[in-house]
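Presented below is the structure to which this report refers.
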Amino acid sequence: MSTTATNFPSGIKPGEFSSETIPSSELSQKSVLNILNNKCYNSLQHLKQAHAIILRTDHFQDHYVSGTLVKCYANPHFNNFTLALKVFDNIPRPNVFVCNILLKGSLEHEEPHKALSCYHKMVLLNSRPNMFTYPPLFKACAMTGCVKEGVQFHAHVVKLGLSEDGHIKSAGIQMYASFGLVGEARKMLDEGGGSDVVCWNAMIGGYLKFGEVEAASELFGCMPVKNVRSWNTMISGLARCGMVESARALFNEMGKKDEVSWSAIVDGYIKQGCYKEALAVFHEMQREKVKPRQYILPSLLTVCANLGCLDQGRWIHLYVERNSFHVEAMLGTALVDMYAKCGSLDMAREVFENMEVKEVSTWNAMIGGLSIHGQAEEAIEVFTKMQGESIKPNGITFVGVLNACAHAGMVEKGLAILDSMKEVYGIEPEMEHFGCVVDLFGRAGLIEEAEKFIDSMSMQPNAAIWGALLNACRVHGNVELGEKVGWILLDMEPQNSGRYALLSNIYAKAGRWDDVTRVRKLMKERGIKTIPGSSVIDMKGRVHEFKMGDGSHPQMKEIYLMLERMMEKLRVEGYSPNTSTVMFDIEEEEKETALERHSEKIALAFGLLETEPGTTLRIVKNLRVCEDCHSAFKLVSQIYGRDIIMRDRVRYHHFRNGMCSCKDFW
DNA sequence: TTAGGGTTAG
């Protein structure tokens with residue numbers, strides 16, 4: 001074997017060895033292998049030196065040595081698979097071991113196509129595949145969607161008499177399942193005699209991936225051996241199929257749970273939108289001292305953001321700090337989003353400023369957060385700064401910026417930004433951006449302009465566009481147009497209860513009670529149920545939820561007493577209930593009572609009752625806040641000297657000294 | 001003589 005310079009690894013010249021190296025001619029195969037296995041794991045430089053030694057001694061001819069050398073180069077740690085391939089190409093007749101190493105390496109370096117071509121080479125070179133060959137190959141097929149090849153490889157497995165190997169079987173089952181060929185996967189499970197628990201689990205996972213719950217349950221029921229992963233596969237699979245309650249039942253039934261079991265059930269609840277349940281399980285985890293895995297923390301933060309649970313969100317933040325978790329972009333973004341949505345803009349800012357790596361989504365979260373708090377100038381400032389740091393805004397960025405302008409009544413600025421989207425940033429505005437613009441005009445009372453804008457749009461307006469216009473009609477009391485738009489929307493979205501409510505409110509405000517009745521009758525005919533208003537208040541880490549006229553809270557008596565006292569105080573200060581938006585045509589006094597029992601007022605009374613004077617109250621409502629509650633909250637902030645931060649379905653209201661940050665413009 | 005499997009994944 002020649003040892004010309006061209007055969008040496010780059011950067012290493014023949015004869016350039018470290019001082020401790022023994023003269024190469026004296027190195028035995030065993031010592032070379034020792035060097036490779038013990039010294040070359042961390043340093044590419046060491047590996048290249050060893051490589052040079054190998055070339056100088058004829059050990060490269062030795063399959064054991066060249067194989068080990070390729071294995072070292074293929075170590076994902078070096079992130080340089082090309083080198084491994086290069087060395088491989090210099091091996092005259094590579095044996096099955098080194099081929100298998102490359103198959104595995106192709107997957108580890110996320111180049112599954114290379115695994116297929118490597119197998120091809122193997123066949124050409126007459127290197128007989130063995131049981132280590134097929135699992136990575138099946139995986140490669142699954143990753144690349146190469147069905148034909150996968151079936152072929154399966155045939156080879158059968159021909160070579162390897163069908164009983166558990167590793168091959170489980171990989172094959174997974175491959176077929178990833179193709180959606182659940183029947184083929186099952187055939188593989190049943191072929192070649194017995195299977196083991198890993199294969200059963202893979203099959204169950206495969207069934208559940210395609211919603212075949214019954215088949216999965218049956219298999220699960222008759223498995224001779226089950227382990228934690230079997231349970232976890234069922235739980236996460238059921239949750240993914242939307243059967244979170246069945247998942248929960250299994251979760252309760254299983255013996256020893258691991259962190260994956262807990263995470264799977266939390267995740268399942270989150271995916272179903274059962275945020276309170278997810279948080280309850282998280283509390284249980286804390287009680288049982290189970291450490292949440294880092295990956296569910298962003299999901300949990302999203303839950304806190306949705307529910308407005310600042311205390312819980314803070315707890316997670318502390319948890320991250322205490323455990324020195326690295327705050328990477330996703331976790332940091334989730335923290336920014338949570339703080340902003342829970343009304344703590346200062347903290348959102350702090351986390352944002354301290355993040356080392358920010359992604360577009362991070363900037364979007366900050367901009368969106370400022371926007372829902374009505375801080376348009378700041379949102380635009382962040383938007384400008386983002387570009388200073390060479391981050392390219394995306395469509396979502398513009399939703400945030402345009403929303404900021406809409407909420408702050410900055411019409412001109414908003415329109416200029418819309419124009420810049422395509423001209424400056426090359427982003428084609430989409431429906432959601434047009435929706436923001438309609439909102440921009442509508443909130444500012446420029447209803448004609450909003451209509452004109454809709455007419456000029458290049459696409460058919462969707463329900464969100466009409467919805468923005470309808471809301472503008474409600475705020476600015478434009479009954480005529482509101483009526484027209486309202487009926488368009490009822491046609492477009494007959495199932496959306498909110499649309500009925502809005503139209504009915506518009507009629508009610510105009511005193512057109514016959515029309516109110518007409519809308520309500522239609523709703524009844526179509527079987528549409530209203531979403532009950534509900535408000536939550538987060539207190540000492542516990543979430544208290546109140547629904548309209550709700551009597552289920554254990555302290556309800558005291559709360560209603562407090563509510564009565566509060567309303568009395570308000571009346572003394574000159575508050576008179578704004579009954580125009582109550583949906584029913586009922587006697588004035590009854591209307592007043594209905595208003596008094598709005599969930600946000602109950603939550604407010606509870607907050608006043610339960611906290612020290614001066615404490616900021618944070619309330620989250622699932623629908624838009626009504627006008628009456630809005631004015632009541634303003635007065636309470638003045639009379640009781642409290643800051644109240646309320647989030648409704650769309651934006652924030654900071655009440656202080658009788659004023660609201662939205663400037664009554666929402 | 002070297003090497004290997006399935007559950008969560010925003």
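Residue numbers begin at 1 in each chain, while the letters A, B, ... track the order of the sequences.
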Would you say Gln174(A) reaches dT7(B)'s phosphate, i.e. side-chain N/O to OP1/OP2 under 4.0 Å? yes
Assign Asn37(A) to base, sugar-phosphate, or nothing according to its heavy-atom contacts below 4.0 angstrom with the strands shown. nothing
Test: salt bridge (Lys or Arg N to Asp or Glu O under 4.0 Å). Region: residues 137-153 of chain A. Which pairs qualify, not counting sequence neighbours? none
Contact class for Asn130(A) vs. all strands (heavy atom < 4.0 Å): base, sugar-phosphate, or nothing? base
Decide yes or no, distance alone: a donor-acceptor N/O pair under 3.5 angstrom between the base of dG4(B) and the side-chain of Asp165(A). yes
Applying a 4.0 Å non-hydrogen cut-off, can you work out what Glu259(A) is touching in the nucleic acid: base, sugar-phosphate, or nothing? nothing
Would a 4.5 Å heavy-atom cut-off, applied to side chains only, mark Trp200(A) and Pro224(A) as touching? yes
Under 4.0 angstrom, heavy atoms only, what part of the nucleic acid is Gly205(A) near: base, sugar-phosphate, or nothing? nothing
Between Lys271(A) and dA9(B), does any side-chain N or O lie under 4.0 Å from OP1 or OP2? yes
For residues 314-362 of chain A, which residue pairs pass the ring-ring contact (aromatic ring centres under 6.0 Å, His included) check, not counting sequence neighbours? Phe282(A)-Trp315(A), Trp315(A)-Tyr319(A), His317(A)-Tyr339(A), Tyr319(A)-Phe325(A), Phe352(A)-Trp363(A)
Would you call Tyr64(A) stacked on dT2(B), i.e. ring centres under 5.5 Å apart with the planes less than 30° off parallel? yes
Ring pair (Phe, Tyr, Trp, His ring centres under 6.0 Å) filter on His109(A), not counting sequence neighbours, yields Phe81(A)
At 4.0 Å (heavy atoms only), tell me whether Thr68(A) reaches a base, stays on the sugar-phosphate, or touches nothing. base
Could you check whether Lys139(A) gets within reach of a base, just the sugar-phosphate, or nothing at all, counting any heavy atom under 4.0 Å? sugar-phosphate
Would the number of heavy atoms belonging to other residues, nucleotides or ligands and lying under 6.0 Å from CD of Glu110(A) be above 12? no
Here the residues of residues 102-119 of chain A within 4.0 Å heavy-atom distance, strictly under, of DNA chain B are Lys104(A)
Categorize Asp267(A) for me: base, sugar-phosphate, or nothing, with a 4.0 angstrom heavy-atom threshold over every strand shown. sugar-phosphate
Just to be sure I understand the rule, does Asp196(A) reach a base, reach only the sugar-phosphate, or reach nothing, if contact means heavy atoms closer than 4.0 Å? base
Whole Å only: how far is the NZ atom of Lys256(A) from the P atom of dT7(B)? 20 Å
Going by the side chain to side chain donor-acceptor pair (under 3.5 Å) test, which pairs reach into residues 216-227 of chain A, not counting sequence neighbours? Asn201(A)-Asn227(A), Asn227(A)-Ser230(A)
Which residues pass the side chain to side chain contact (heavy atoms under 4.5 Å, CB included) test with Cys40(A), sequence neighbours left out? Ile35(A), Leu36(A), His46(A), Leu47(A), Ala50(A)
Describe the nucleic acid contact of Asp62(A) in one word from base, sugar-phosphate, nothing, applying a heavy-atom distance below 4.0 Å. nothing
With centres under 5.5 Å and planes under 30° as the test, does His167(A) stack with dG5(B)? no
Tell me what Met203(A) touches on the nucleic acid: a base, only sugar-phosphate, or nothing, going by heavy atoms under 4.0 Å. nothing
